[in-house]
Amino acid sequence: MTEPGTGAPGVLVAVGEAEIAPLIRTIESEIIPRLLLAHKGAASLAAETGVLGELPTREHIAEFAGLVLVQDATAASRYIEAMVDQGFLLETLYLHLLAPAARHIGELWSQDLCDFVEVTMALGRIQHVIREFSPSFRETRESAPAEARRILLAPAPGEQHAMGLMMLREFFLRADWEVVGGPSTSSEEVAVQLASQWFDVIGISVGSECRLNGLASWLAALRRVSHNPSVRIMLGGPELTANPQLAGLLGADATASDARTAVLEAEILAPQRANPQ
């Protein structure tokens with residue numbers, strides 16, 4: 001078993017922010033949906049540490065990134081198991097190890113230290129980790145309660161963010177939401193689902209600036225067809241990370257800083273399940 005903190009297969013690479021920022025934001029959006037709160041102040045590191053326990057170090061991040069680049073998914077899972085055994089919270093590892101490791105891989109890619117196939121394989125191994133630890137992360141909850149609030153998750157038209165929406169799904173399921181949709185849900189399917197079923201919130205992931213074109217009109221159309229006339233919309237993506245005010249301008253109700261905060265914000269937007277009858 002690979003033990004965290006003992007040797008690092010990779011070294012964090014210092015590169016110019018302007019050079020790698022677009023690549024890093026793209027990779028990052030594949031891991032954790034960049035949902036931002038337009039009206040939320042950033043939480044302090046001290047407060048965050050109090051909630052999530054000890055945070056992984058830069059050495060942990062570099063080591064895990066190197067591991068998923070060169071070894072199989074089983075080795076990556078064992079690494080996470082070792083960190084959990086050491087007292088790290090699984091939620092902390094989801095938020096503060098997997099995404100930073102992906103950013104590190106993006107830096108290596110920008111330096112031509114790994115190729116596209118290696119990056120794709122590494123992200124696939126991270127996705128395997130999320131699937132494998134899903135039962136533990138959800139704390140063995142088998143189904144949503146009857147009164148569960150419902151969220152529809154989907155990428156913006158033309159987008160595909162498998163791992164980001166996958167992780168967001170895990171956080172909402174653990175919070176006893178009923179979750180429908182995901183990275184493969186098309187814009188046409190979103191409209192059909194909204195028209196035929198009750199949803200309290202819609203979560204849309206936007207991965208690139210070009211996908212912003214026409215997004216406001218699409219969101220307005222979704223509100224018009226929604227079975228719930230008061231449905232709330234949350235938007236996220238790298239462009240929203242850089243420009244949080246875009247959420248309101250595009251017609252969304254909110255954004256959030258990460259998957260955990262997205263759940264909290266959604267529960268503010270939909271404080272109790274309205275009667276869908």
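Computed from a prediction, not measured in an experiment: that's the story for all the values here.
- Note: H227 and F199 fail the aromatic proximity criterion, with ring centroids not under 6.0 Å apart.
- To the nearest 0.5 Å, the span separating OG on S186 from CD on Q193 amounts to 9.5 Å.
- Aromatic ring pairs are classed by plane angle as parallel below 30°, tilted from 30° to 60° and perpendicular above 60°; the pair H60 and F88 is perpendicular.
- Here the shortest heavy-atom pairing between W218 and A156 reads CZ3-CA, 4.3 Å.
- Annotation: the span from E81 atom CD to Q86 atom CD amounts to 12.5 Å, rounded to 0.5 Å.
- There is no path of hydrophobic side-chain contacts, each under 4.5 Å, that joins L264 to M234.
- Between the CG atom of L69 and the NE2 atom of H104 there is a distance of 7.5 Å, given to the nearest 0.5 Å.
- For the residue pair Y79 / Q71, no side-chain donor-acceptor distance below 3.5 Å is found, with atom types taken as modelled.
- Residues passing the side-chain hydrogen bond (donor to acceptor under 3.5 Å, both in side chains) test with E118: none are found, sequence neighbours excluded.
- F116 and M121 are assigned to two separate hydrophobic clusters, defined by single-linkage of ILVMFWY side chains at heavy-atom distances under 4.5 Å.
- In this structure, the side chains of L235 and V206 come closer than 4.5 Å at one or more pairs of heavy atoms.
- Of the possible polar contacts, one joining the D253 side chain to the I233 backbone as a donor-acceptor pair under 3.5 Å is found.
- Using a cut-off of 4.0 Å between Lys/Arg side-chain N and Asp/Glu carboxylate O, D72 and R78 are scored as not salt-bridged.
- In this structure, L152 is not a member of the same hydrophobic cluster as V192, with clusters built from ILVMFWY side-chain heavy atoms closer than 4.5 Å.
- Taking NE2 from H96 and CG from L89, the interatomic distance works out to 10.5 Å, rounded to the nearest 0.5 Å.
- Closest heavy-atom contact between G203 and I151: N-CG1, 4.1 Å.
- The pair E91-R260 meets the salt-bridge criterion, with a side-chain N (NZ, NE, NH1 or NH2) lying under 4.0 Å from an Asp/Glu carboxylate O.
- Residues meeting the side chain to side chain contact (heavy atoms under 4.5 Å, CB included) test with S77, sequence neighbours left out: H128, V129, E132, F133.
- Put simply, CD on E170 and CG on L90 are 9.5 Å apart, with the number rounded to the nearest 0.5 Å.
- Residue L215 holds its CG atom at 4.5 Å from CG of L219, rounded to the nearest 0.5 Å.
- Residues L67 and A75 come closest through the heavy atom pair CD2-O, 3.5 Å.
- Defined by atom type and a distance below 3.5 Å, a donor-acceptor pair is present between the side-chain atoms of R150 and Q197.
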